[in-house]
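Have a look at the structure below, then the notes.
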Amino acid sequence: MALWQARPGLAGYDLADAVTFCFLSQAFIGPMQVFGGGLELSERVRSGDVALDLVRPASLQMWSLADDLGRAAYLLLLRSLPPTAIGAMLFGLVVPVDPMTWVSFTAGLGLGVVVSFALRYLVALSACWVVDDRGVQSLSLVTTLFFSGMVLPLNLFPGWLGTLAEALPWSAMVQVPADLYLGKREVLEALGFQAAWAVALLILGALATGAARRKVVIQGG
């Protein structure tokens, strides 16, 4: 609040927008699993149980996605809404009046969860190739926090760094849904950006799953 009082309109936000962005980013922690994890896949790879998952008549990736969407919905209700409601009472957060803003925000939130899952799925699946995936998990945590908008809005980043950060998939998890809620981004461009990354990452995950399946067979698992 002190920063925006000293620099009104910083990054295109007024004070109410900035406070709202802060509460939204906190609300996204659970559904987006910003700090990583949320999937049992890496543990199942280490234990060998993934061999059973791969022979089931269902896509491992899609089954994991369905499970993760349920987790996200649960955390949205119990982890996101109560603190945000309290923040609205204490600080007077921005509340959109246009129903279409709510529609676009809901779509952006859902696509953000899918992008988050797709990234975490790739990280978890890396356990098929590395002895210990904790290093990959730690790297994923750092990049997610920095490039998602969780630490600071990405439009505060200077020059090429800001351009790069907004083009990477992590921005679809926090920055884009928050901007849709605040009405700071063109809806079709924002949703198209999220959808493109969701599709690209899911395709990459499917290819990685196929590679992992062949690896498990070769190892005799």
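Source: prediction; values computed, not measured.
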*Considering non-hydrogen atoms only, spot the tightest contact between V151 and L145 and give its length.*
CG2-O, 3.3 Å
*Roughly how far, to the nearest 0.5 Å, is the CG atom of L156 from the CZ atom of R7?*
8.5 Å
*Scan residues 49-108 for pairs that pass ring-ring contact (aromatic ring centres under 6.0 Å, His included), counting only residues two or more places apart or in two chains.*
F23-F91, W102-Y181, F105-Y181
_In this structure, would L168 and V136 fall into the same cluster of hydrophobic residues linked by side-chain contacts under 4.5 Å?_
no
*asked:* Checking the side chain of S104 only, and the main-chain atoms of T101 only, is there a donor and an acceptor separated by less than 3.5 Å?
replied: yes
_S171 to P177 - nearest heavy-atom pair and separation_ = O-CD, 4.3 Å
*Any pair with a residue in residues 83-98 that passes side-chain hydrogen bond (donor to acceptor under 3.5 Å, both in side chains), sequence neighbours left out, goes on the list, sorted by first then second residue, please.*
none
*Could you go through the side chain to side chain contact (heavy atoms under 4.5 Å, CB included) check for F117 and L201 one step at a time?*
CA-CA 9 Å; F117 161 79; L201 291 170; over 6 Å; no
*side chain to side chain donor-acceptor pair (under 3.5 Å) with D17: which residues, sequence neighbours excluded?*
K184
*asked:* Tell me every residue that passes side chain to side chain contact (heavy atoms under 4.5 Å, CB included) with A16, counting only those two or more places apart in sequence or in another chain.
replied: D14, V94
*T143: side chain to side chain contact (heavy atoms under 4.5 Å, CB included) partners, not counting sequence neighbours*: L139, F147, W170
_T20 side, atom OG1; L15 side, atom CG - distance, nearest 0.5 Å_ = 9.0 Å
*asked:* Looking at every non-hydrogen atom in both residues, tell me the closest pair between Y121 and G205 and how far apart they are.
replied: CE2-O, 3.7 Å
*Would you find a donor on one side and an acceptor on the other, under 3.5 Å apart, between the side chain of W4 and the backbone of G9?*
no
*Can you see which heavy atom on L154 is nearest to which on F146, and at what distance?*
CD2-O, 3.8 Å
_Walk me through whether E40 and D67 qualify under side chain to side chain contact (heavy atoms under 4.5 Å, CB included)._
CA-CA 10 Å; E40 297 180 359; D67 182 69; over 6 Å; no
*Step by step, work out the side chain to side chain contact (heavy atoms under 4.5 Å, CB included) result for Q175 and F21.*
CA-CA 9 Å; Q175 184 71 47; F21 188 100; 3.6 Å; yes
*Evaluate side chain to side chain contact (heavy atoms under 4.5 Å, CB included) for Q194 paired with L180, printing each intermediate quantity in order.*
CA-CA 12 Å; Q194 289 181 295; L180 285 170; 4.1 Å; yes
*Which salt bridge (Lys or Arg N to Asp or Glu O under 4.0 Å) pairs, counting each pair once, include a residue from residues 68-77, with sequence neighbours left out?*
D68-R71, D68-R120
*State plainly whether one hydrophobic cluster holds both L78 and F28, where clusters connect Ile, Leu, Val, Met, Phe, Trp and Tyr through side-chain heavy atoms under 4.5 angstrom apart.*
no
*In terms of hydrophobic clusters joined by side-chain contacts under 4.5 Å, are L164 and L152 together?*
yes
_Rounded distance (nearest 0.5 Å) linking atom OG1 of T144 with atom CE of M150_ = 11.0 Å
*Do the non-hydrogen side-chain atoms of V113 and M173 ever get within less than 4.5 Å of each other?*
no
*asked:* Test question: given the 4.5 Å side-chain rule for I, L, V, M, F, W and Y, name all other residues clustered with V97, or answer none.
replied: none
*Measure across G162 and F157 and return the closest heavy-atom pair with its distance rounded to 0.1 Å.*
CA-CB, 3.5 Å
*Whether S42 side chain and A124 backbone form a donor-acceptor pair below 3.5 Å*: no
*Any chance you could measure T209, atom OG1, to L125, atom CG, to the nearest 0.5 Å?*
5.0 Å
_Among residues at least two apart in sequence or on other chains, which ones pass side chain to side chain contact (heavy atoms under 4.5 Å, CB included) with L204?_
L122
*Closest heavy-atom contact between C22 and S25?*
O-OG, 2.7 Å
*Taking ILVMFWY side chains as joined if any heavy atoms are under 4.5 angstrom apart, and letting links pass through other members, which residues group with I203?*
V199, L207
*Mind checking the CD1-CG spacing from I29 to L24? Nearest 0.5 Å is all I need.*
11.5 Å
_Spacing of L119 atom CG and M32 atom CE [to the nearest 0.5 Å]_ = 11.5 Å
*Transitively linked via ILVMFWY side-chain contacts under 4.5 Å: I86 with M1?*
yes
*If you look only at pairs with a residue in residues 144-173, which of them pass as a salt bridge (Lys or Arg N to Asp or Glu O under 4.0 Å), with sequence neighbours excluded?*
E166-R185
*Co-membership, hydrophobic cluster, residues L161 and V176, 4.5 Å side-chain*: yes
*Tell me, please, which residues at least two apart from S59 pass side chain to side chain contact (heavy atoms under 4.5 Å, CB included).*
Q61, M62
*asked:* Once side-chain hydrogen bond (donor to acceptor under 3.5 Å, both in side chains) is applied, what residue pairs with a partner in residues 147-163 remain, sequence neighbours excluded?
replied: Y13-N155
